[in-house]
Structure formats: structure tokens, C-alpha cells
Amino acid sequence: KKFNHVIVRRPCKAMVEGITSGLYPGKPDFELALKEHDDYIEALKQCDVDVTVLEADERYPDSCFVEDPALITRKCAIITNPGAESRNGEKDEIIGAVKKFFSDDQIEYIKAPGTLEGGDVMMVGDHFYVGRSARTNEEGIRQLTEILAKYDMTCSEVKLEEVLHLKTGVNYLEDNNMLVSGEFVTKPEFQKYNCVQIPEDEAYAANCIWVNDTVIVPEGYPAVLKAVQDLGYKTILVDTSEYRKLDGGLSCLSLRF
Ligand code: CIR
């Protein structure tokens, strides 16, 4: 077992106005999003973690995607500096929750002009892959590298061409297993892992989350579900249809540590 705690934030009514690339068209249905969020929390509770549920924050339409304003590691918590302007203030609202678990000297900050979003950071043991994206810049990556080094952890940059965040397209499931889709299939740095290639038409489901030997998989992606089960994991399905319309997936909806 690796994770003990999870933090989530309830979606707000304004979520229907959240940022979207339009890749998955349609406006989210708020009531359905709430129900899916309930199911998500239920699934997490089955994975032997305690779940802290933060209240909805109407000022920030995308604030249910708590993965982005913070990065929590085994040794420290890092408050990021989200590159999306409408989301930047979310960093100040996640601090309170992080302080329940970390003392002030274990909390670090990415500072302007550096930008970073947690969705761009993938943890593999004490190494962190960080995507250089429209949301995470070179200076943000430099600061992250410096912070991690202080705690004897390492970091390497991955250039993104197509996806919003690194974890939109690649996710580590522990035990050397990595789900890879699209532009990540051929990245040399991931070849040392047992890469499970996600078919193009199920690319959204590259974003699964490992929580203590259970893998939560988005509903509606049979090939990915089978691939994850073939790796030997117990699986739980959660429908994230309304978050998908905002380019959000399972990992985006929680901080796991
Ligand atoms: C955004 O564009 O920021 C949100 N609509 C979706 C954020 C998804 N988060 C993630 O991939 N970690």
C-alpha cells in the first residue's frame, strides 16, 4: 500500500463554463457530473484511503480538477502556479487542505514567472516526469527540479506536442507498468517500462489511476479495461463523461498521497 490520503473538490455549478478544447463536444450536465463525482469518491473509498472532500468553489469553474494546483510527494507538497489564467487562483484555495497533512517547512511553492500544473507531472517512485506544455513552462520545470533535488528526488522533462497535460496521454500503474497513447508510444524515455499501448479510439482511457493495487478505469473503454485486468489488477469503473467534455479525466479529479 502506498497511498493513505486523497483530496477531491466537489464540482461547482460554474463547471459547465470550464475550459475545453472541444475535443469531446457538448456542455457538461451539472447534475450528472455530481453523480459521477459521488461514484468517484465511492470508488476511492474502496481502495483503502481516507478521502477529504473540499467544498465546491464557484469562483473557479475548473476547481474540481484538484490535481493541477498542487503536487504531493512522499516527502513534500508543492503548490503549483497554474498556467491557465482562469485557474491560477486555485493554488491559494488548495493550501488549506494541504496544511492538514504537511507542516509549513514541507510545503514548497512554484513562483512566477514559473508556471506548472500537476496534470503535467507523473510520479514513478522518486522520479518525476514533467511535461512541458501550454500550462507548464521551462522556468516552472527548473524550479520543480530544484525543489525535488532538495528532497533527493529527480525530475526529467518530456516535450508535449498534442495533449493538454502529460497525464492526458501517459500514466504509470506501478510495478513497471505504464499506459501509453498517441505521441507517448514512441518516446524513448518510456521504453524501459512495460508499456501497454492504448488504441487510438480509446485514447481518453490512458488516464487511469492506480490506488493501492486497484486501478480505476473510465467507463466505456473495453480494450483498456481488458488490458489493465490482464496485468492482474483489480479494477473499478467510473463514468467521467461530463468531465471528459472539459478534457478532464480520473487523475485530474484527485490528489493521491
Ligand atoms: C483545464 O483545461 O484546465 C480543465 N478543463 C481540465 C483539467 C484537466 N486536468 C488534468 O489533466 N490534470
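For ligands, and for the atoms within them, numbers begin at 1 and follow the listed sequence.
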Charged N-O contact under 4.0 Å between E146 and K150: no

Parallel, tilted or perpendicular, as decided by the 30° and 60° cut-offs, for the rings of F65 and Y243: perpendicular

Within 45° cone and under 6.0 Å: R244 NZ/CZ vs Y204 ring: yes

Mind listing the N or O contacts between ligand 1 and protein, cut-off under 3.5 Å?
residue, atom, partner, partner atom, Å
ligand 1, 2 (O), R135, NH2, 2.9
ligand 1, 3 (O), R87, NH1, 2.8
ligand 1, 3 (O), R135, NH1, 2.9
ligand 1, 3 (O), R135, NH2, 3.4
ligand 1, 5 (N), I19, O, 2.8
ligand 1, 5 (N), D62, OD1, 2.8
ligand 1, 5 (N), L246, O, 2.7
ligand 1, 9 (N), D68, OD2, 2.9
ligand 1, 11 (O), H165, ND1, 2.7
ligand 1, 12 (N), E67, OE1, 2.9
ligand 1, 12 (N), D68, OD1, 2.9
ligand 1, 12 (N), D68, OD2, 3.4

Pairs where residues 228-238 contributes a residue and the test salt bridge (charged side-chain N to carboxylate O under 4.0 Å, His left out) is met, not counting sequence neighbours: K226-D230

Any donor-acceptor N/O pair, N177 side chain to L173 backbone, under 3.5 Å: no

Salt bridge E55-R9, side-chain N to carboxylate O under 4.0 Å: no

